[in-house]
Each structure stands twice: as structure tokens, then as C-alpha cells.
Amino acid sequence: GEAIRAEQLGKTYAEGKLRTPVFDGLDLSVRIGETVAIIGASGAGKSTLLHLLGGLDTPTAGEVYVAGQKMSDLSDAARGQLRNRALGFVYQFHHLLPEFTALENVMLPVLVGGASVDEASQRGTALLEKVGLGHRLGHKPGELSGGERQRAAVARALVNRPACVLGDEPTGNLDDRTAGGVFELMLELNRDQKTSLVLVTHDRRLARQLDRVLELHEGKLREVPLNEV
Ligand code: ADP
Ligand code: ADP
């Protein structure tokens, strides 16, 4: 089956009289468990594409399907629920809530999904242990290192066992070694949970460890053979 699919996707930002499409007629299909890197120059539209796939922004043409559900058919509330259940997000900056502990941050998506505090706590603790933060459950983001914060953000993205994780430069703010570790962790969770990964990255060494590399260029997605990445 498919984790996520874009059909004839188009996006044009309206900015006064100037209307240049970022892309138009873009197709993408990501199978369950598949890992895909999106590369491309700055301004090519990579973030725009991720926002559309994640339902954070609305396409001006085409459709996005998440776990088989057509996003445009859903109410805002239903789309929010689908995002919380079926998608995880990881950004360059962790976006953890500063007033909450690592465990509370990871529990939140589980609670939003309707589970009890006990269950959220159990699942959050188990996953934080898995990402090597078992000794940091009660720490707030400001008390964690950059790599630890990013691992907590990865745990938050994966705690609901989503069909797909969307990452916008998820290791872009980390030194090479820490970035490699966080990347490895995402691949491990991909193997364990069958969660698909769609990662925008500038780092070609990391990109070529994924199943497919797609380059966004002049509004088109082109598959780059892994030995050319
Ligand atoms: P990338 O992530 O590949 O750097 P973006 O998706 O951020 O590219 O941007 C693609 C193009 O869309 C750029 O020309 C950018 O200026 C434009 N753009 C992005 N977001 C907006 C916005 N909110 N309003 C208007 N134009 C935007
Ligand atoms: P930027 O200008 O780099 O996009 P922002 O701080 O505005 O920085 O947003 C950072 C990221 O968080 C963006 O990719 C944005 O789309 C995303 N974001 C904003 N609101 C939400 C939300 N409600 N849920 C998930 N991600 C969000």
C-alpha cells in the first residue's frame, strides 16, 4: 500500500500581481515502509512540497492522499486528526514545547489521539528509552543538548506509529557526527515500525542511504540514481 501520494500537485503563491508557480502537475507516491530523500537547490520548493504533503498548506491544484485518505475531502478537524495519527513531523529546529519535559512533549500526540495519561506515559517512556533518552525523561528542552533535543523530536514524531514521517532538514542543525546518529535512529525506527520517511536534506551522504533520491528542479521531481547522488 501507499503511505502518501500526491497527484498532479500544483502550488502558486499569490503575491500581488506576481504569480509564479512553484510547481505544477507533480506526482509522488511513497509506499509503506519506503524511505525517500528530496533534494534540490534553495528555493526549488522542497519545503512547500512537504507542507502540502503534511496538510499544513493547501495545494492550488491536485490532490494529496495520506494513508489512503484524500485530504481535500476532510474537514479541518478530521484533517488534524489524520495528521496526528498518520503523520509525524521533524524540523531543523526541534519545535519542542519549552515548558514541558521531554516525556511530556512525547506524550502529547498520544494524548491528542485520545489515549489515557498512563498509556501515553508508558509509550513515551518506552520510545525515549529506545532513542537513548531514558535518563532525560524529566528534562526540559533547554536542559538537553542539540542532539538530545532532536532525538526527542524524532520520538515525538514517531510515538503514534505514523504511516509517514515528513522531515524538513531534520539533521540540518547538528554537527556531522550527531546528524549521522539522528539519521541512523530514524532509519532504525523506519525498519522497526515500517514508518515511511520523506526527508528534505542537503546532505547527500545521508540522502544516498535512503531507498530513493528525488531532485526537485524547475517544478519537476526527477529520480537521481543512488550512485550519482
Ligand atoms: P525550498 O524549501 O526548496 O528552499 P520553498 O518551498 O521554501 O523552497 O520555496 C519555493 C518558492 O516559493 C520560493 O521562490 C519561495 O520564495 C516561494 N515561497 C515559499 N513560501 C512562500 C510564501 N509563504 N509566500 C510566497 N512565496 C513563497
Ligand atoms: P519557517 O519560516 O522556517 O518555516 P516557522 O517557525 O514559521 O519557520 O515554522 C517552522 C516549521 O513549523 C515550518 O515548517 C512550519 O510550517 C511548521 N509549522 C507551523 N505550524 C505548524 C503546525 N501547527 N503543526 C506542525 N508544523 C507547523
Side-chain angles (χ1 to χ4, degrees), residues 1-15 18-74 76 79-80 82-84 86-93 95 153-154 157-158 162-173 183 186-187 190 195-204 206-226 228-229:
E2 282 173 323
I4 202 158
R5 178 152 61 105
E7 249 180 37
Q8 291 293 298
L9 201 62
K11 181 67 183 179
T12 301
Y13 291 107
E15 284 257 59
L18 198 63
R19 295 173 65 84
T20 8
V22 182
F23 42 74
D24 198 17
L26 189 148
D27 291 313
L28 172 66
S29 163
V30 179
R31 292 189 305 279
I32 290 172
E34 192 180 23
T35 60
V36 176
I38 310 277
I39 61 173
S42 179
K46 304 180 297 298
S47 297
T48 299
L49 175 59
L50 272 199
H51 287 178
L52 296 179
L53 294 177
L56 298 174
D57 195 1
T58 321
T60 39
E63 293 291 347
V64 172
Y65 297 79
V66 171
Q69 295 228 53
K70 194 177 187 174
M71 295 287 252
S72 66
D73 278 352
L74 303 177
D76 285 353
R79 194 177 309 122
L82 180 65
R83 284 184 42 202
N84 186 64
L87 294 175
F89 298 87
V90 187
Y91 305 103
Q92 181 170 7
F93 299 98
H95 288 273
V154 168
L158 281 143
C164 188
V165 164
L166 302 173
D168 198 345
E169 296 284 358
T171 61
N173 192 34
F183 205 81
M186 285 191 285
L187 288 177
N190 154 258
T195 297
S196 304
L197 302 176
V198 178
L199 305 179
V200 167
T201 180
H202 278 107
D203 191 330
R204 287 169 178 256
L206 298 181
R208 76 168 82 92
Q209 296 178 46
L210 302 187
D211 298 329
R212 279 198 289 157
V213 176
L214 303 175
E215 182 170 20
L216 187 56
H217 180 65
E218 291 177 353
K220 299 263 174 279
L221 270 180
R222 177 181 78 97
E223 181 145 3
V224 184
L226 288 181
E228 289 173 22
V229 175

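The structure presented is a predicted model; accordingly, all values stated were derived computationally and were not measured.
- The aromatic rings of Phe89 and Tyr91 lie parallel to each other, their planes meeting at an angle below 30°, with 60° marking the opposite boundary.
- Residues meeting the side chain to side chain contact (heavy atoms under 4.5 Å, CB included) test with Thr195, sequence neighbours left out: Leu158, Pro162, Val165, Gln193.
- Val30 places none of its side-chain heavy atoms less than 4.5 Å from the side chain of Leu197.
- Tested against Leu87, the residues Leu53, Leu56, Val66 include a single side-chain contact (heavy atoms from CB on, under 4.5 Å) partner, Val66.
- Across all non-hydrogen atoms, the minimal contact from Gly219 to Leu26 is O-CD1, 4.2 Å.
- By the side chain to side chain contact (heavy atoms under 4.5 Å, CB included) test, Arg204 pairs with Ile39, Glu215, Val229, sequence neighbours left out.
- In terms of heavy atoms, Gly40 sits closest to His202 at O-NE2, 4.3 Å.
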Using the rule given for side-chain contact (heavy atoms from CB on, under 4.5 Å), can you reason through Met71 versus Leu52, listing the C-alpha separation, both sets of side-chain angles and the distance that settles it, and then say yes or no? CA-CA 10 Å; Met71 295 287 252; Leu52 296 179; over 6 Å; no
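- The backbone N or O of Gly33 lies less than 3.5 Å from a partner atom in the side chain of Ser196, making a donor-acceptor pair.
- Residues passing the side chain to side chain contact (heavy atoms under 4.5 Å, CB included) test with Lys70 are Glu63, Tyr65, Ser72, Asp73, sequence neighbours excluded.
- For Thr35, the side chain to side chain donor-acceptor pair (under 3.5 Å) criterion is met by Asp211, not counting sequence neighbours.
- Here salt bridge (Lys or Arg N to Asp or Glu O under 4.0 Å) pairs that include residues 34-48, with residues two or more places apart or in two chains, are Arg31-Glu34, Glu34-Arg212.
- Applying the salt bridge (Lys or Arg N to Asp or Glu O under 4.0 Å) test to every pair with at least one member in residues 2-11, sequence neighbours left out, gives these pairs: Glu2-Arg5, Arg5-Glu7, Lys11-Asp57.
- By the side chain to side chain donor-acceptor pair (under 3.5 Å) test, Asp27 pairs with Gln8, sequence neighbours left out.
- Expressed to the nearest 0.5 Å, how far CG of Leu226 lies from CG of Leu210 amounts to 8.5 Å.
- Partners of His217 by side chain to side chain donor-acceptor pair (under 3.5 Å), not counting sequence neighbours: none found.
- Residues Leu199 and Val90 fail the side-chain proximity criterion, which asks for heavy atoms closer than 4.5 Å.
- Residue Leu221 holds its CG atom at 8.0 Å from CZ of Phe23, rounded to the nearest 0.5 Å.
- Applying the side chain to side chain donor-acceptor pair (under 3.5 Å) rule to Asp76 yields the partners Arg79; only residues at least two apart in sequence or on another chain are considered.
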Val200 and Leu166: CA distance, side-chain angles, deciding distance, side-chain contact (heavy atoms from CB on, under 4.5 Å) verdict: CA-CA 8 Å; Val200 167; Leu166 302 173; over 6 Å; no
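- Residue Glu169 holds its CD atom at 12.0 Å from CD1 of Ile38, rounded to the nearest 0.5 Å.
- Judged as a side chain to side chain contact (heavy atoms under 4.5 Å, CB included), and not counting sequence neighbours, the contacts of Ser47 are Asp168.
- Proximity of Cys164 to Val198: side-chain heavy atoms (C-beta onward) are separated by under 4.5 Å at one or more points.
- The minimum heavy-atom distance between Asp24 and Ala61, with the atom names listed, is OD1-CB, 4.4 Å.
- For Thr201 (side chain) and Ala207 (main-chain N/O), no donor-acceptor pair under 3.5 Å exists by modelled atom type.
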